[in-house]
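The structure appears below as structure tokens.
By convention in this document, chain letters (A, B, ...) are assigned in the order of the sequence lines, proteins followed by strands, and residues within each chain are numbered from 1. What's counted below: heavy atoms across the whole structure, side chains too, no hydrogens, waters or symmetry copies.
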Amino acid sequence: MAKPEDNPKAILDLDRMVHEPARLAILTVLASAKEVAFLFLQRVTGLNKGNLSSHAQKLEAAGYLETVKAFQGRIPVTSFRITEEGRAALRLYHHQMRALLPKEGKP
Amino acid sequence: MTTPDLKVLESLTRDYAAFQSRKSGLATALGGLMAIILVLTALSPNLMGADLLKRPLLDYILFVPFLWLVLKWLGGLLLYRGLGTVKAMPDERYERRRWFWILGLALFLMAFLLVGLYSFMNGFLIQNPSGEPVCPPASWVLWLPLLYLLPMPWVIRGIEEARVYAVLVSQCMIWLVPLFLFAFGPRNPPDRVWTMAGHLSMSAFLILILLIQIWGALAMIRGWKEHRNYLAILRALPQES
């Protein structure tokens, strides 16, 4: 079986849903906690509300995250949770990228 | 987005979540300060028997742990929830340690309650059959340790919080000790065993008071450091675009 670094087209196999920088950041944050509030996710990724909502919807449609809606008193609070599929996709992406990138000191 | 950026995102999220689930920042410092003030109040003979709003000061002191729980909750809400809630990944080892603290505190309270009840029976019912109380506290005081026990599993989130709560409860127990051991105890110790037990318990309580002072000071320093760490996390977050 050919290693990813031997296959010049391996980069095309990357999951584009994860590869997009904003979505990669979102999944990375979600993978580091059990549940993350919208506000924190927005602040930590530096995305604006509209962008974050749009990326979250795409990731939810792909089955990589789930939205949790709750109320704190009368205030609606939105949080996100990464799914097992999302975690697996992120793991695979890391694995693929490590294989694709040149080793340190070997440009 | 580069790899180091992703690592920073990971660590910021983990730190923020850990802070919300395990650390109490200024609440820890406040607990230390309250413990020290309680000790100083206890050592002041004028304050010991003082009244506040027509009730003995002691009645209020006994509710200090509950006041701390309320202040901790308010502080968490106002100071440490600014960016919403981030729930940390479950950490079984940490949870075990937390429950170890809660169990330890529960055992301490149970032991105290048993000593109190024994003292009550010995001093009030057996040694003083006429039923004349020497210095009776309100009857609910006898069951107060159980009241301290109730909120622990729900309200104490982290080990630091359990430590601070344990110190405050211990402090309030010290306020109760004279009532249990000396007011209800026999006025003229009938035998050497009881006298020796009295000396031993006095020595143990003096050591406990000293330890509470030390822990109170440490808690103040630690809580302040935690608060500064939290501010550092906030500063490290990217600014809104």
Checking heavy-atom separations under 4.5 Å from chain B, one finds in residues 77-85 of chain A none

Can you tell me how far CD of Glu35(A) sits from NZ of Lys87(B), rounded to the nearest 0.5 angstrom? 4.0 Å

Hey, is CD1 on Ile214(B) packed in by over 12 heavy atoms from elsewhere, all under 6.0 Å? yes

Nearest 0.5 Å, what's the OG1-CG distance between Thr85(B) and Leu39(A)? 10.0 Å

Any side-chain heavy-atom pair from Thr28(A) and Glu10(B) closer than 4.5 angstrom? yes

Rounded to the nearest 0.5 Å, how far apart are CG of Leu83(B) and CG of Leu41(A)? 11.0 Å

What's the separation between atom CG in Leu6(B) and atom CG in Leu27(A), rounded to the nearest 0.5 Å? 10.5 Å

Within a radius of less than 6.0 Å around CZ of Arg222(B), do more than 12 heavy atoms belonging to other residues, nucleotides or ligands occur? no

How close do Phe40(A) and Leu12(B) get, counting heavy atoms only, and between which atoms? CZ-O, 4.2 Å

What's the shortest heavy-atom distance between Ala37(A) and Val86(B), and which atoms? N-CG2, 4.3 Å

Give the interface residues of residues 88-95 of chain B toward chain A, defined by a heavy-atom separation under 4.5 Å. Ala88(B), Met89(B), Pro90(B)

